[in-house]
Amino acid sequence: MHGWMFSSSLYDLLIIRGLFATVKMVNYEVIVYTSNLAGAPTMNKVFIKLVGTEGESKKQWLISLKGASDIIRGAAPGFSVCCPTSIGKLVLIELEKHRLPLLPEDSWFPAKVQVKSPEGDTYTFPIYRWITDSKVQRFREGTALTVLEDNHHLGRYSRQQELKLREEDYRWNVYAEGLPHSMKAESNLSLPCEVRFSFTKSTEFFYTASSGLTKLKLMGLTTCKKAWTNIDDISRVFCSKKTEISDYVKEHWTEDAFFGYQFLNGVNPMLIRRCEALPSNFPVPDEMVFLSGQCSLAHEIKNGNIFLCDYKQLNGLPTNTINGKKQYLTAPLVLLHKTPDDKMKPIAIQLKQTPADDNPVFLPTDSEYDWLMAKIFVRSADFNEHQMNVHLLRTHLLAEVFAVALLRNMPMVHPLYKLLVPHTRYTLQINHLARALLISENGVFTQFSASGGEGMLTLLKRSLSSVTYTSLCIPDDIAERGLENVPNFYYRDDGLKVWDIIHRFVQGIFGHYYKDDCAVEQDSELQKWISDIFEHGFLSKECTGIPQRLTTVAELVKFATMVIFTCSAQHSAVNTGQFDYGGWMPNCPISLQRPPPTKKGTASKATMLQTLPDVNTTVQGLSTLWLLSKQSSDFVAFGQYPEDHFCEEIPTKLIKDFQGDLEVLSAIIKNRNKGLEVPYTYMDPAEVENSVAI
Ligand code: FE2
């Protein structure tokens, strides 16, 4: 025992002083890259041990040539690790960080470590994690390996250890029965450090959240429980926060063509579908629609020119009480006609699901305010459907399921981890914040949206039962809704192109790592991942069509494409335009405070103003939409991977091709937008964020 200690100290001494003249040693050149993040460098002592197929180095203090422990921000200091003989092919490294006497323990965020062996091979070890304590941390060499190919016993051991720790750090939680499960965390600070917001992101988020409201508070608007008395006053409150599109919306919101356009290219392009037969609860006779008698409704349905938006999910939802007043939310049916000049125009609106004398079918030929009020009720229904179903559930909550399932089941060395982890950035924290600030007891939507409270949770549960695998895959979804030939449908045009580009990339990656379907079938980590998603995300409902197992490479490619698409382009399509389309409140009222009209000829400008939400409700809604539409300065654009998780030649080349394809698409979209009255930018890859981060 004593002798070992002596020889160990002597060995360290030899290394430190470089007295190797008489001992033949082999040399490993080590470069340590520390991230550029604030707080990333360490003043602590860092030790490294190299582990190879033929042996391992001794644990060595990475003392630099200058004699200081300068693992500084963004820097890549070089070190030397000596061994008596070659340790073979490198499998992993062990890192340890210890405080120096009199100095506090700090946190360190290494990016990666590169090691050049005496044989001349360069090995890269991706890290991209905070090291906060003095425990030994193991990091695998960057070559992606599925569990079947991970043959070295030390590799397999560290793989199991990593997953064991991750299962402790990332736990499922049931936020409410009937909703996808979420990440268990008491507060933002109890989230593991590597999934938390950066300092920049945190500061900006809370600044944007508070600055919008502070000004409005000073103006007394957040406490003003009065109705608007003049429609122009609505635009004055938020005059400093407008966009070119929100200005356009203010000018055009009452126009039928623009009302129809929003079902295609607004923030909720997910509801419209081709109408093959009128629903039995929507009695629209031919003569009510085409007064000229030139074409019949049946004929236009047959020609594929009639479309339907049915908000049946909202039927009978309990509504909120705001400022002591009961609120109203309808479950409308909207019939639209694709006109010969390629416009999508509403031709009939029924505000409630059951036909009755007090539930008239409103028509464009009704009085100005009868028709406008019917459209306002539709837009308010759309706000609630969009926020809860299309935005929160179908992007945020599912992205969280994909993230937690990945972090619990995939070791860093797995190709699926490397592929998907950049698309999980900030998702766990933004969702924690959404639960705390938007849908908690005191959340903005709970307090100020028509469905706030019990209705909101019921709507989320109903929405989950309507989510299908088909509806999450844009090519299948567009076909299922019969929207292949609708003109001027940019969500579809851009979305299909983005999907194709992702699909090609993912196919390249998995084609490289899985030699056949059998390799997919036998990948136990992959099967655990998909079955976790099925169980915790879709509550084991077979009718969703979500796979419970993956049996072919093609199935894996499609599912991973859907995950990336949902977390990036789809979220952008339903998130980024929230202020553009909702910044002019009458176009997207968060709630309405008068019942829907039960007969024609009663609506006026005055009843419209009394129906729109009160001043405080309006400003709370607008500040939230502003916050949720704001791009952060540490935004990572789609397909950019600042962390090099893949190190090998083939995946690196595939990433370059993927980025090239996205760049070309971005240029095509920008060029197309030049000719549009309202540009559609939400799926331009340069504008899309890599993950659900806001
Ligand atoms: Fe969002």
Side-chain angles (χ1 to χ4, degrees), residues 252-264 266 268 271-312 314-315 328-383 385 486 586-589 592 594-609 611-612:
H252 297 268
W253 72 288
T254 59
E255 294 168 13
D256 284 355
F258 183 66
F259 176 84
Y261 169 91
Q262 293 184 74
F263 290 113
L264 300 171
N268 180 10
L271 198 70
I272 190 168
R273 54 197 309 131
R274 195 172 67 216
C275 177
E276 281 160 4
L278 274 182
S280 57
N281 61 337
F282 194 15
V284 186
D286 264 2
E287 63 276 14
M288 286 174 74
V289 181
F290 303 105
L291 285 178
S292 64
Q294 280 164 352
C295 57
S296 76
L297 187 56
H299 186 255
E300 283 299 85
I301 287 179
K302 201 166 155 234
N303 283 346
N305 290 330
I306 300 295
F307 296 85
L308 179 73
C309 292
D310 187 348
Y311 292 88
K312 59 186 169 202
L314 305 178
N315 194 26
Y328 295 88
L329 179 67
T330 58
L333 290 135
V334 184
L335 208 61
L336 297 126
H337 181 215
K338 186 204 79 75
T339 61
D341 62 346
D342 286 347
K343 298 279 188 327
M344 188 63 80
K345 286 196 174 167
I347 51 175
I349 295 172
Q350 181 184 290
L351 292 177
K352 290 174 272 187
Q353 289 281 310
T354 313
D357 289 344
D358 63 355
N359 182 24
V361 173
F362 291 96
L363 304 168
T365 48
D366 292 341
S367 78
E368 181 192 351
Y369 280 98
D370 276 346
W371 183 234
L372 184 58
M373 283 289 274
K375 289 193 287 183
I376 288 174
F377 271 92
V378 172
R379 295 296 309 154
S380 186
D382 197 75
F383 180 96
E385 163 80 14
V486 177
N587 188 52
C588 286
L592 294 172
R594 291 274 305 250
T598 52
K599 58 181 186 204
K600 297 189 185 187
T602 56
S604 64
K605 191 172 188 174
T607 55
M608 179 188 78
L609 286 168
T611 304
L612 291 173

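The figures that follow rest on heavy atoms only: side chains count, while hydrogens, waters and symmetry mates do not.
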Mind checking whether L335 and L308 have side chains closer than 4.5 Å, heavy atoms only? yes

Which residues pass the salt bridge (Lys or Arg N to Asp or Glu O under 4.0 Å) test with D342, sequence neighbours left out? K338

Could you tell me if the side chain of T354 sits less than 4.5 Å from the side chain of N281, heavy atoms only? no

Side-chain donor-acceptor contact under 3.5 Å, N587 with Q262: yes

Please report the closest heavy-atom contact between P285 and P283, naming both atoms and the distance. CD-O, 3.4 Å

Could you measure the distance from the CG atom of L297 to the CD1 atom of I347? Nearest 0.5 Å is fine. 5.5 Å

Got a second to check how far T611's OG1 is from Y328's OH, nearest 0.5 Å? 10.0 Å

What's the spacing between K375 NZ and S380 OG if we round to 0.5 Å? 15.5 Å

With heavy-atom distances below 4.5 Å as the criterion, would you say the side chains of L351 and V378 are in contact? yes

Which one of D256, D366, T365, T254 satisfies the side chain to side chain donor-acceptor pair (under 3.5 Å) criterion with W371? D256

Show the numbers, then the answer: is there a side-chain contact (heavy atoms from CB on, under 4.5 Å) between M373 and L592? CA-CA 11 Å; M373 283 289 274; L592 294 172; over 6 Å; no

Heavy-atom closest pair (Q350 atom, K352 atom, distance to 0.1 Å) is NE2-O, 2.8 Å

pair P589-F383: side-chain heavy atoms closer than 4.5 Å: no

Is it the case that more than 12 heavy atoms not belonging to D358 sit under 6.0 Å from its CG atom? yes

The salt bridge (Lys or Arg N to Asp or Glu O under 4.0 Å) partners of D310 (sequence neighbours excluded) come to none

If you measure from SG on C309 to CG on N268, what distance do you get to the nearest 0.5 Å? 8.0 Å

For F259 and P346, work out which heavy atoms get closest and say how close. CD2-CG, 3.4 Å

Heavy-atom pair with the smallest gap, counting every atom of F362 and P597: CZ-CG, 3.8 Å

Side chains of T607 and Y369 in contact at under 4.5 Å (non-hydrogen atoms): no

Are the side chains of V334 and L271 in touch, meaning some heavy atoms are under 4.5 Å apart? no

For D370, give me all partners under salt bridge (Lys or Arg N to Asp or Glu O under 4.0 Å), at least two apart in sequence or on another chain. none

Tell me, do L264 and I272 make a side-chain contact under 4.5 Å, heavy atoms counted? yes

Closest contact, heavy atoms only, L336 versus G260: CD2-CA, 3.9 Å

Atom pair CD1 (I301) and CZ (F307), whose distance is rounded to the nearest 0.5 Å: 11.0 Å

What heavy-atom pair brings Y311 and D382 nearest, and what distance separates the two atoms? OH-OD1, 2.6 Å

Taking side chain to side chain donor-acceptor pair (under 3.5 Å) as the criterion, tell me which of R274, H299, E300 meets it with N305. E300

Point-to-point distance, once rounded to the nearest 0.5 Å, from CD of E368 to CE of M608: 9.0 Å

